[in-house]
Asker: 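I have a structure here, written as structure tokens, and I will follow up with some questions on it.
Protein chains get the first letters and strands the later ones, always in sequence-line order, with residue 1 at the start of each.
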Number of protein chains: 2
Amino acid sequence: MPVYEATATAPVNIACIKYWGKRDTSLILPTNSSLSVTLDQDHLRSTTTSRADASFEKGDRLWLNGTEESIKEGGRLAVCIKELRGWRREMEEKDGGLPKLSSWPLRIASYNNFPTAAGLASSASGLAALVASLSQLYELPQTPSELSRIARQGSGSACRSLFGGFVAWREGKLADGSDSLAEEVAPRDHWPEMHALICVVSDAKKGTSSTSGMQRTVETSPLLQHRLKVVPDRMDKISKAILEKDFDTFAQITMADSNQFHAVCLDTSPPIFYLNDVSRSLIALIEELNRAAMLTTGHLVAAYTFDAGPNCVIYALEPTMRLIISTVNRFFPQEGHFPDPFGLFEGQSMEETALLNGFNGGVIRTGGWEKGAVKSLIHTRVGDGPRRLGKEESLLKADGTPKTLA
Amino acid sequence: MPVYEATATAPVNIACIKYWGKRDTSLILPTNSSLSVTLDQDHLRSTTTSRADASFEKGDRLWLNGTEESIKEGGRLAVCIKELRGWRREMEEKDGGLPKLSSWPLRIASYNNFPTAAGLASSASGLAALVASLSQLYELPQTPSELSRIARQGSGSACRSLFGGFVAWREGKLADGSDSLAEEVAPRDHWPEMHALICVVSDAKKGTSSTSGMQRTVETSPLLQHRLKVVPDRMDKISKAILEKDFDTFAQITMADSNQFHAVCLDTSPPIFYLNDVSRSLIALIEELNRAAMLTTGHLVAAYTFDAGPNCVIYALEPTMRLIISTVNRFFPQEGHFPDPFGLFEGQSMEETALLNGFNGGVIRTGGWEKGAVKSLIHTRVGDGPRRLGKEESLLKADGTPKTLA
């Protein structure tokens, strides 16, 4: 008897134009379009194995990082599974020769290769990997954009993780959400020089969850209504900048939109804060790098962006990443060793790398930061969309329970 | 020969509806109206002595806290002096019997009774005291609102320090700024229970000056344009709340407007940050106090507001100030002794004061803050407008140079 199983990986994405606010909370329809860069799964990924088997005990089961999560009736996971199973059922009804996978219980195991403590949103990559693995298991003919409508209902920004490269989530106009889906703006190969540095920042206090935070903003922020009028033009301009590989415009819009997102958080009642003093100081460092670079080259070198937490993601082109990393490291020394996946500092001390001409370190906190204010640095780049893995990568044992991962 | 001299004091004011942005930078005409509470000169004040004497060497001279400041031709101080001297000249031209004070050199000494290091805006009280003392010296018949047009040109928010109580600065419509002036919304005696607590917060880095910061916001923040549409309704509602002594509405609008002001700062490019982690934590404390109070009494107990710096000003009614101070002190212990000008803790330890029922200290940074994160607390209340002092309070010696103050 064959094993009906599929294992997929899906990437993390970090938005340049931020999603913040739903116009429909159950369908997860956003108040504005958003745009993100998909990060490389070689470094950060969620992996999910889905298996359907008639012999499984009734009911679907799911494990996340080895711990079982309940699939609540009507909850977001259940909705995604139900929709994909429905598409499979339609196929089986048209073609009687297909095995009846849609009627069999599912066993699903998912694993993130990055620690939850890193504060990276794992729900986007996790939901995208779930949708990718189920669509592979069910051999669904739907396009990534059609699948993105399902992922969206699991976790809004997950829809953007169904594509590689540069991805737009169109807000859509229809009440049923059928036109609220993700599309590729440009593939990774269009601009492979786009690199990213994630600065993992400690925070003493857990912030407001993005789900409850964005609803509070929709309900109480007078400025959000104006932001919604600002976003369409930014979407057009940053898409054009990506197509033209115009880093200056890309960086300007990315930074302005991150700041505007945090501005509407602050305009919320009670106010929501995600940036802390270390985040502010990282912004000051990048603004100063850009100021000094503009003076000598007439171009920007980096763009910061912050999601619903204090971590800073810095976009920069490959040739300047060495400067960015050594400058961040000088003012925010980490406790551990920088893994240097691209071999930028081979045989050289990071500390000996020169600062940019004219860079004024005085903009950073006097005396710099203590070790560990930035916990770690993750260097990655623009990546591809969900991948299909071989059987040997399965996360499930023969009995349908998750393998123990080292 | 008589001495022509006047000594005046003027108060600090702290805005509830914030002034941020000029539509005319030389006349200092604001992009929106603002509203403030004048604080009690018994605690915080600027004192200024102005003397005119035909025998003084040619040219006006001014000392601030004992140090001479140059009066730059065409600068803000010079403009204020010139306008007031012009009004005096008109009087002298109409009445030949008046001494020709307008043609005599001036000697001016000004002194703030609060340290500049406290981070309180001293330019508002300082300019207001200058205008008050000169108008007294020159025996000008102009009303405080007319004088406020002069003070406005010295330092925008100084115009509000020409009144006690609750004060509106009307943005005005005219290009020459003649209708951009301050008015009393209600005198201090209307609502004398309005108290204020200034939490002086240390900051590692000097922030952006408000003059350059607000211009950057006008030039780069898309959200500021929308804020300008929000303010008129807030002005109406908070004025009504003051007239009706409706603390809940007063507090809601005050907090929302402080947050919105800092939101447009963050929406500026490069972004401007005035709030630091201690400021954020003080906001969390007040929001939690209000949450707990709403549950038991249905009313708010306090309103925070922040100007262009990390200091927190908390407005609360007299009966609740004891609770506010003891709660702030518990989570933000100061190094020095709290002066307690209203005798709230006489014979009792501040530390033994109970927390509000249901107050969750977990919203503050885990373990509370180290001593000195809040440097000191200044307890004051709504106060009166500029005062005229007697000759014995003069800041000038017989030769027109400043006295040395202890």
Asker: Would you say CG of B:Asn357 has more than 12 non-hydrogen atoms from neighbouring residues, nucleotides or ligands within 6.0 angstrom?
Answerer: no
Asker: Taking B:Leu275, B:Thr220, B:Val230 one by one, which has the highest count of heavy-atom pairs under 4.5 Å against chain A?
Answerer: B:Leu275
Asker: Does B:Glu219 pair with B:Arg216 as a salt bridge, N-O distance under 4.0 Å?
Answerer: no
Asker: Top residue by heavy-atom pair count (under 4.5 Å) with chain A, among B:Asp277, B:Asp267, B:Ile283?
Answerer: B:Asp277
Asker: Give me the ring orientation class for B:Tyr315 and B:Phe250: parallel if the planes are under 30° apart, tilted from 30 to 60°, perpendicular past 60°.
Answerer: perpendicular
Asker: Which one, A:Leu266, A:Thr268, A:Asn290, leads in non-hydrogen pairs under 4.5 Å with chain B?
Answerer: A:Leu266
Asker: Between the side chains of A:Lys237 and A:Asp233, is the shortest nitrogen-to-carboxylate-oxygen separation below 4.0 Å, so that they form an ion pair?
Answerer: yes
Asker: Check whether more than 12 heavy atoms from other residues, nucleotides or ligands sit under 6.0 Å from atom NZ of A:Lys240, and answer yes or no.
Answerer: no
Asker: Which bit of B:Gln260 is near chain A, if near means a heavy-atom gap under 4.5 Å: side chain, backbone, both or neither?
Answerer: both
Asker: Which residue out of B:Glu287, B:Gln225, B:Arg280, B:Arg227 racks up the most heavy-atom pairs below 4.5 Å with chain A?
Answerer: B:Arg280
